[in-house]
Amino acid sequence: MQFQALKQRHRQERETQHPNLRLRVHRALSWLDRAEQADDLDGRFIFLWIAFNAAYATEPCSCSFSCKVCDEV
């Protein structure tokens with residue numbers, strides 16, 4: 001799927017997603033868009049790598065637990 005199709009799907013589903021997931025998907029899609037605009041393969045690879053990592057990034061836990069409880073709510 002290309003960026004535009006994924007962005008459209010994200011817009012349709014984002015209200016049902018957890019805020020942390022919504023933010024990760026938004027960031028990953030932004031980097032995917034940048035990767036599609038890159039002129040060289042090295043740049044495209046780097047931006048795709050950043051997009052991949054953005055999808056799996058987690059914000060620091062805001063609760064008192066040292067786990068991923070906040071992401072699972």
Side-chain angles (χ1 to χ4, degrees):
M1 294 182 110
Q2 301 298 322
F3 166 75
Q4 290 299 332
L6 291 171
K7 185 65 176 177
Q8 184 63 29
R9 182 168 177 185
H10 175 61
R11 285 182 177 146
Q12 293 170 353
E13 298 180 15
R14 67 182 168 197
E15 296 306 319
T16 63
Q17 297 170 340
H18 187 277
N20 289 344
L21 175 62
R22 187 170 44 232
L23 180 60
R24 290 193 309 262
V25 171
H26 171 75
R27 288 177 177 168
L29 287 174
S30 294
W31 284 108
L32 176 62
D33 183 34
R34 182 61 183 92
E36 289 182 357
Q37 296 173 24
D39 294 331
D40 62 327
L41 291 178
D42 290 336
R44 186 176 175 98
F45 175 80
I46 291 169
F47 295 130
L48 287 172
W49 187 266
I50 295 170
F52 174 77
N53 282 294
Y56 288 94
T58 57
E59 296 296 320
C61 187
S62 62
C63 66
S64 60
F65 300 103
S66 60
C67 62
K68 296 188 180 203
V69 172
C70 294
D71 286 341
E72 296 174 6
V73 175

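- Between Y56 and F52, the closest heavy-atom pair is CD1-O, 3.3 Å.
- Listed by chain and residue number, A54, A55 satisfy the side chain to side chain contact (heavy atoms under 4.5 Å, CB included) test with A28 (two or more places apart in sequence, or in another chain).
- For E13, the side-chain hydrogen bond (donor to acceptor under 3.5 Å, both in side chains) criterion is met by R9, not counting sequence neighbours.
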Show the atom names and distances, to 0.1 Å, of all donor-acceptor pairs under 3.5 Å that link a side chain in residues 38-47 to residues at least two apart or in another chain.
unit_1	atom_1	unit_2	atom_2	d
D40	OD1	G43	N	3.4
D40	OD2	G43	N	3.3

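- With sequence neighbours excluded, the residues that form a side chain to side chain contact (heavy atoms under 4.5 Å, CB included) with H10 are K7, R14, Q17, R22, V25, H26, L29.
- D33 meets the side-chain hydrogen bond (donor to acceptor under 3.5 Å, both in side chains) test with Q37; sequence neighbours excluded.
- In this structure, CZ in F3 is found 10.5 Å from CD in Q8, a value given to the nearest 0.5 Å.
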